[in-house]
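Read through the structure below, which is laid out as structure tokens, and then see the notes.
These numbers come from a predicted model, not from an experiment. Naming: A, B, ... by sequence-line order, numbering from 1 per chain. Hydrogens, waters and symmetry mates play no part in the numbers below; they use all other heavy atoms, side chains included.
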Amino acid sequence: MADKEKDSKKVSRRKFLVKGGLGTIGVVAIGAYLFRSPIRRQILGVVNSLEAPYLDNIDQPMIWFEVTSDNNILLHSPKMEMGQGTFTGIAQMAAEELSVSMNQIQVVHAASSTGNVDSFATGGSTSISGLWKPLRELSAMLRVMLLKEAALKMNVDIDQLSVVDGVISGNGKTLTYAQAAEGVENWEVPDVPVLKDAKDYKYIGQPIARVDLDAKVYGDPIFGMDAEMPGMLYGAVVRASKIGSTFISADTKAAESMPGVVKIVVEDDFVGVVENSMIEAENAKDAINVTWDSYDNLNTDAIVKMMTVGNGKSSVIQKNGDSFGDQDEVVTLEFRSPIGAHAQIEPNGVVAFVDGDTATIKISTQVVGLTRKEVAKRLDLDVEKVNVIPTYLGGGFGRRLHTPHAVQAAIMSKVVGKPVKYFFSRKEEFQHDMFRPPTHHVIKGKLNEEGYLAGLEHQFVSGDVATDSALIPNALTNFLGADVGAIRGGFIQYTAIPNFKAECWHVELPFATSWWRSLGLLANTFAMESFIDEMALKANMNAVDFRLHQIADEPIDIRLKNVIKAAAEKANYSEEVKDGRAMGFAASIDANTPCAQVVEVSIVDNEIVVHKVTVAMDPGLAVNPDQIRAQCEGCVIMGMSAVLYEQMFVEDGELTPTIYGPYQMALMKNAPKEIDVVLLQGKDTPGAVGEPPLGPIGAAIANAVRRLTGERLTELPLKLSKKA
Amino acid sequence: MEISLTVNGILKTVDIADENTPLLWVVRDTLDLKGTKFGCGKAACGACTLLVDDEAVRSCSYPVKFAEGKKVTTIEGLGDRENPHPVQQAWIEEIVPQCGYCQPGFMMATAALLNKVPKPTDEDIDKNIINVCRCGTYYRMRKAIHKAAELQAEKVINESKEV
Ligand code: FES
Ligand code: FES
């Protein structure tokens, strides 16, 4: 009973709203989903798994659902669709509790003026897990609300009603949801009903095709780059090519007489041009001569030197037992990872229109709330008057957690009084990315008499990942003083080892670094799992047995052991080199999702070729197993790309390269011909999916190469020494 | 200057100030066909791939003047929901897209490949499909390309039966 009372407090009645609209007969807005957890728990949540608070408790009605006259449901998603399949998963969750068919649900991005503004972001692999409970509860409530209205209209007791595919029937009569909603002015808000039992799921757990599949196969204009507004002009912003450039002044004379110039906008911190066409805007931009104050002499070597363990400030993030005793038998290996670019194919772009005291922003972003706040602040507008209309993202990966271009476009729009569209050139994307920071790792280990680890220590250094990202306050980005993003994957996961320590160093780089899909996980797991493999070799033990023996017995440890066993079994893991091919093994835990991978590689023309990857992962309840497989496949290939080919350099103060090709990425020919995915379910709620499979791939490949050639590769991207 | 070209089967005449304007922008902004994507503008990613006289072309680096009198096919003209092209059908069956941004370019490149090599081997695919997909959908794409080849072959057989 006490529980029920608590439940009934979740939704505030006054925030329910029903209104008529074009083609829409009932707009049902279910208001703020109140948090029961005090702020402290939210903070803990962020630190533990980046499961950050997902909804603002803002004081305005928020539309979740619309019941349309043709008896379909529009679901307004606070989470953005960037390829990760969230729209499909939440459609399944809503359809389940609403008792409608999948094709009766259409998911749209919630606009900030009417929808749920996410106080955090779409990222951190939290969308499905964060919405799992509230969305099903809200859907179930809407079902009961519709049933109550239907009972009145049909004059049938509510207990006698049942629903199939949005059609209510009882006592020989039927009524659609649309008919039930029609004309209702005062909805009765029920308590949260009991949710469906897992054994009755019809859609949850099914490999249903993506809800955006058709739009993406037939070329519908769904992306930020495709957005337009009537009468819009094109803008361009001059960007420095050197690192650390501060804007001093601009000579705009030559540009002023260029064809099509509408206006040159000079602000304190940027210069932009507004033109009649995109091409003209680009040309005029190139004719502006800007004086910058920049770092001229920086190069990659200087960055590598800076990014070395021992520099900056350090925090011990994990410690158990003692430090090493006899230093003689300690094995030390060092690892490095380079600067990584996001390289998402859709460049950042925006269409903004500032009209009097209101602003409309169409943008592909991972941060609707932040974009809105920043535009409001810079243009001195009321936050409520800034409507951010999100589009589908042509890739996110963390690149769209920063949207200063929305502010710039809004300023240009205000100056010319018309909508302005502007987007980054590819060169600007590469030079003004918020990069994955380079890292350096020093790992020490010592074996005991039985050949297991007596001690293990991971010291690593990274640039900013979560710190200073404007996304969440710095108070929340630090874990025992360390950057909460940099430490992902940096912990020792073999906690049965008696003595271990992980220590994270932080160095400020002269260029911006930030969230790159899976954050610290890619580099940290590469280093840690390469080292573990080297120790297994030294101990003359099977790499899988060596790992299993040193994992503790907490629930997460048991799940880790299970994925390790499942991957080894599915791949027939063997340490024999056969027909010029070798296998490599690695495992990681990220955001509470354990994942293990086995790769099969060979060497052709001194290049590493990955033939097959077996992935075993335990993401908990799989809302859509096909999309989870797709994420595993995608992470494997994106991860391969990062660990085998990708690398940014700094030359004379410039970040290079600035184009695909020279910035080498995995192509079709490099992708493994076989990717085998095994999904385990070690808990009954959904967990993180979109990043955890990026963990093991680097070390798994390096470990296979070690077994094939004898060479231990310690630097990303992995390159064989010429002699091999 | 005026340039005439057939776009998705319809003859269009466009008035373009600069004849060197990339075909991509004429298609996207003048003709409002947004399915062809901008990724790099330097012929390096393939997001802008469309067909000119049935050949795959990276339209960001193809001056519109060269399209005069030619037949241009974009993703919107490849097939539609009622009549999907075998490549689109295969893409749906294999559930290929993730973010989806690169996909029209890959589908157009695949359609061009199948015109020339109706039953491509893995090597043919590796050699000819050289666009970039950041989401890493290559694994499903390869399966979809093989499936598209099958679907296309079936379609040819069925059509010849009807004749
Ligand atoms: S946009 Fe044409 S190849 Fe990249
Ligand atoms: S599906 Fe996202 S880039 Fe290919």
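Heavy atoms of A:P259 lying under 4.5 Å from chain B are absent altogether. In this structure, no portion of A:M640 lies under 4.5 Å from any heavy atom of chain B. Contacts of A:Q84 with chain B are absent, with no heavy-atom separation under 4.5 Å from either backbone or side chain. Contacts of A:K427 with chain B are absent, with no heavy-atom separation under 4.5 Å from either backbone or side chain. Contacts between A:E646 and chain B at a heavy-atom distance below 4.5 Å involve the side chain alone, from C-beta outward. Heavy-atom distances place the backbone of A:L393, and not its side chain, under 4.5 Å from chain B. Of the two parts of A:Y234, only the side chain, counted from C-beta on, holds a non-hydrogen atom closer than 4.5 Å to a non-hydrogen atom of chain B. Looking at A:S641, only its side chain comes within 4.5 Å of chain B, counting heavy atoms on both sides. Neither the backbone nor the side chain of A:E429 comes within contact range of chain B; no heavy atom of the residue lies under 4.5 Å from a heavy atom of that chain. Contact of A:F430 with chain B is not made at all, since no heavy-atom distance falls under 4.5 Å. Only the backbone of A:M82 comes within contact range of chain B, judged by heavy atoms closer than 4.5 Å.
Your options are B:I75, B:I130, B:I92, and the one with the most heavy-atom pairs under 4.5 Å with chain A is B:I92. Contact count against chain B (heavy-atom pairs under 4.5 Å) is highest for A:G219 among A:P672, A:G219, A:P662. Your options are A:S425, A:A343, A:A215, and the one with the most heavy-atom pairs under 4.5 Å with chain B is A:A343. In terms of non-hydrogen atom pairs under 4.5 Å with chain A, the most contact-rich of B:M107, B:Q103, B:R142, B:K127 is B:R142. Most heavy-atom pairs under 4.5 Å with chain A: of the set B:R81, B:K143, B:K42, this distinction falls to B:R81. With respect to chain A, the highest number of heavy-atom pairs below 4.5 Å among B:P104, B:C102, B:P97 belongs to B:P97. Taking B:C40, B:A47, B:G35 one by one and counting their heavy-atom pairs under 4.5 Å with chain A, the maximum is reached by B:C40. If you tally non-hydrogen atom pairs under 4.5 Å between each of A:N670, A:D212, A:I659, A:L213 and chain B, the highest count goes to A:L213. Counting heavy-atom pairs closer than 4.5 Å to chain B, the top residue among A:G639, A:P347, A:G396, A:A630 is A:A630. Highest contact tally toward chain B, considering only A:H342, A:E81, A:E674, A:K673, is held by A:K673 [criterion: heavy-atom pairs under 4.5 Å].
B:R140 and A:D626 are joined by a salt bridge, as a carboxylate oxygen and a charged side-chain nitrogen come within less than 4.0 angstrom of each other. For B:D29 and A:K421, the salt-bridge test fails: no basic side-chain N is under 4.0 Å from an acidic carboxylate O. Taking the charged nitrogens against the carboxylate oxygens, A:E346 and B:K37 have no contact shorter than 4.0 Å, which rules out a salt bridge. Ion pairing between A:D226 and B:R28 holds under the 4.0 Å rule for side-chain N and carboxylate O. Here A:K669 does not pair with B:E123 in a salt bridge; the nearest charged N to carboxylate O distance is not below 4.0 Å.
When atom types are taken as modelled, the side chain of B:R134 and the backbone of A:G395 share no donor-acceptor pair closer than 3.5 angstrom. Put simply, the side chain of A:R426 gets close to the backbone of B:G39: a donor and an acceptor are under 3.5 Å apart. Under the 3.5 Å distance criterion, the side-chain polar atoms of B:Y139 are matched with a main-chain donor or acceptor of A:I675. No donor-acceptor pair under 3.5 Å is formed between the side chain of B:Y101 and the backbone N or O of A:K216.
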Practice task
Take B:I95 and A:Q627 through the test side chain to side chain contact (heavy atoms under 4.5 Å, CB included) and record every step on the way to the result.
Solution key: CA-CA 9 Å; B:I95 317 181; A:Q627 279 309 303; 3.8 Å; yes
Practice task
I would like to know whether A:E228 and B:D32 meet side chain to side chain contact (heavy atoms under 4.5 Å, CB included); could you show each step before the answer?
Solution key: CA-CA 10 Å; A:E228 297 192 332; B:D32 196 28; 4.1 Å; yes
Practice task
Let me see the working for A:S277 and B:W25 under side chain to side chain contact (heavy atoms under 4.5 Å, CB included), right down to the final yes or no.
Solution key: CA-CA 10 Å; A:S277 82; B:W25 299 112; over 6 Å; no
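Around the NZ atom of B:K65, the shell of radius 6.0 Å holds more than 12 heavy atoms that belong to other residues, nucleotides or ligands.
Between atom SG of residue B:C133 and atom CG of residue A:L667 there is a gap of 10.5 Å, rounded to the nearest 0.5 Å.
Side-chain contact between A:I279 and B:P22: present, with at least one pair of heavy atoms (C-beta onward) separated by less than 4.5 Å. Side-chain contact between B:E76 and A:Y218 is absent, with no heavy-atom pair separated by less than 4.5 Å.
Closest heavy-atom contact between A:G394 and B:C99: C-SG, 3.5 Å. The two residues A:F223 and B:G100 make their nearest non-hydrogen contact at CZ-C, 3.7 Å. The heavy-atom pair separating A:P221 from B:K34 by the smallest distance is CB-CB, 3.8 Å.
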